[in-house]
Amino acid sequence: MAKIIAGVGSSHVPAIGAALDNGKTEEPYWKRVFSGFEKSKQWMANTKPDVAIVVYNDHASAFSVEMIPTFALGCAAEFPPADEGWGRRPVPVLKGHPALAAHIAQSVILDEFDLTVVNKMEVDHGLTVPMNLLFGTPKEWPCPVIPLAVNVVMYPPPTGHRCYMLGKAIRKAVESYPEDLKIVIFGTGGLSHQISGPRAGLINSKWDKSFLDNLTKDPKKLTRIPHLDYMREAGAEGIEMVMWLIMRGALDDKVDEVYRFYTVPASNTAVGHIILENRRKAAGKSKRPPAAKSRHAAARKAAHRIASKGRR
Ligand code: DHB
Ligand code: FE
């Protein structure tokens with residue numbers, strides 16, 4: 001069975017990609033940002049996922065105001081980097097996982113989430129920057145990627161609650177895929193930022209930190225935040241943060257926060273990053289109710305006692 005073992009949250013600031021592509025990573029301003037991802041790259045290298053599901057948003061590169069799906073799942077065999085106006089980023093073409101992606105599409109659509117199936121798509125900084133932050137700058141990406149593009153650029157974006165529930169549906173889909181695959185899911189974008197208008201440059205660290213705290217401890221509280229609160233507190237582009245709730249919904253209710261990084265600013269944005277792991281369940285432990293409540297369970301327990309006596 002395929003399994004989501006961990007979630008990664010990461011900002012996607014385009015200037016981070018430009019700093020990488022133009023050899024500026026050692027400049028003090030950028031070193032502060034990149035140094036926060038050193039441990040994460042190590043974690044990823046140790047974790048070695050078989051597939052990454054990357055929840056991200058397209059910034060009018062693949063879609064536009066003419067047509068923008070709320071949730072679009074990349075089912076193609078590959079996803080080239082998009083030209084965002086200054087040429088394609090020099091990052092490898094992403095390989096997809098069409099079989100698992102098609103399985104997820106089928107499962108979540110039959111679960112009443114109306115996904116758009118995308119069989120051809122170029123991906124912009126929303127996806128390539130978090131890939132660099134977690135995987136570095138390899139010649140080839142070490143695992144296939146399933147992109148899930150979410151509309152957070154044109155009103156109305158999906159609610160945080162719907163995102164969270166979609167995460168749960170994705171988890172169910174993954175767990176009904178027969179192949180043993182270790183999967184890491186990314187939630188990307190944010191944190192607080194506004195890139196135009198009178199409040200351009202807005203950053204709200206208090207809001208961001210509370211969001212990260214609750215993401216680990218009480219994500220259901222976050223699902224009740226209305227769009228206007230994101231706009232008011234985290235800036236017009238802060239709404240990107242709802243994508244982190246898809247990642248969180250795909251994890252266990254209780255998770256271990258194994259890493260967090262937060263720095264201000266990078267470009268106009270507060271950079272936030274978190275790694276959440278599902279707790280490893282002891283082998284053979286089941287989630288059944290307490291044994292005393294069921295005669296069958298009592299019988300099973302007795303049988304187990306007998307069996308283990310026999311082994312002594
Ligand atoms: C910036 C941040 C974004 O998330 C984005 O998509 C574009 C620009 C910025 O901080 O400059
Ligand atoms: Fe963005």
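When a ligand or atom number is given, it counts from 1 through the structure's own listing order.
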Can you list every pair where an N/O of ligand 1 is under 3.5 Å from an N/O on the protein?
unit_1, atom_1, unit_2, atom_2, d
ligand 1, 4 (O), H12, NE2, 2.8
ligand 1, 4 (O), H193, NE2, 3.0
ligand 1, 4 (O), E240, OE1, 3.4
ligand 1, 6 (O), H12, NE2, 3.4
ligand 1, 6 (O), H59, NE2, 2.7
ligand 1, 6 (O), H125, NE2, 2.9
ligand 1, 10 (O), S267, OG, 3.3
ligand 1, 10 (O), N268, N, 3.1
ligand 1, 10 (O), T269, OG1, 2.3
ligand 1, 11 (O), S267, OG, 2.6
ligand 1, 11 (O), N268, ND2, 3.1

Worksheet, complete the sentence: With H273 as partner, the option from F261, F34, F37 fulfilling ring-ring contact (aromatic ring centres under 6.0 Å, His included) is F37
Worksheet item: Can an N, O or S atom be found in H59 less than 2.8 Å away from the Fe ion (ligand 2)?
Response: yes
Worksheet item: Relative to Y230, does R232 satisfy both conditions: NZ or CZ under 6.0 angstrom from the six-membered ring centre, and within 45 degrees of the ring's axis?
Response: no
Discussion item. Nearest N/O/S atom of E240 with respect to the Fe ion (ligand 2), by atom name, please.
Written reply: OE2
Worksheet item: Do S11 side-chain atoms and V13 backbone N/O form a donor-acceptor pair below 3.5 Å?
Response: no
Practice prompt. For residues V242 and C163, report the shortest heavy-atom separation together with the two atoms involved.
Written response: O-CB, 3.6 Å
Fill in: H59 ring center within less than 6.0 Å of H12 ring center
yes
Practice prompt. Working to the nearest 0.5 Å, report the span between CG of N132 and OG1 of T25.
Written response: 11.0 Å
Worksheet entry | side chain to side chain donor-acceptor pair (under 3.5 Å) pairs, two or more places apart, involving residues 141-157 | none
Fill in: N/O/S atom of H12 inside 2.8 Å of the Fe ion (ligand 2), strictly under
yes
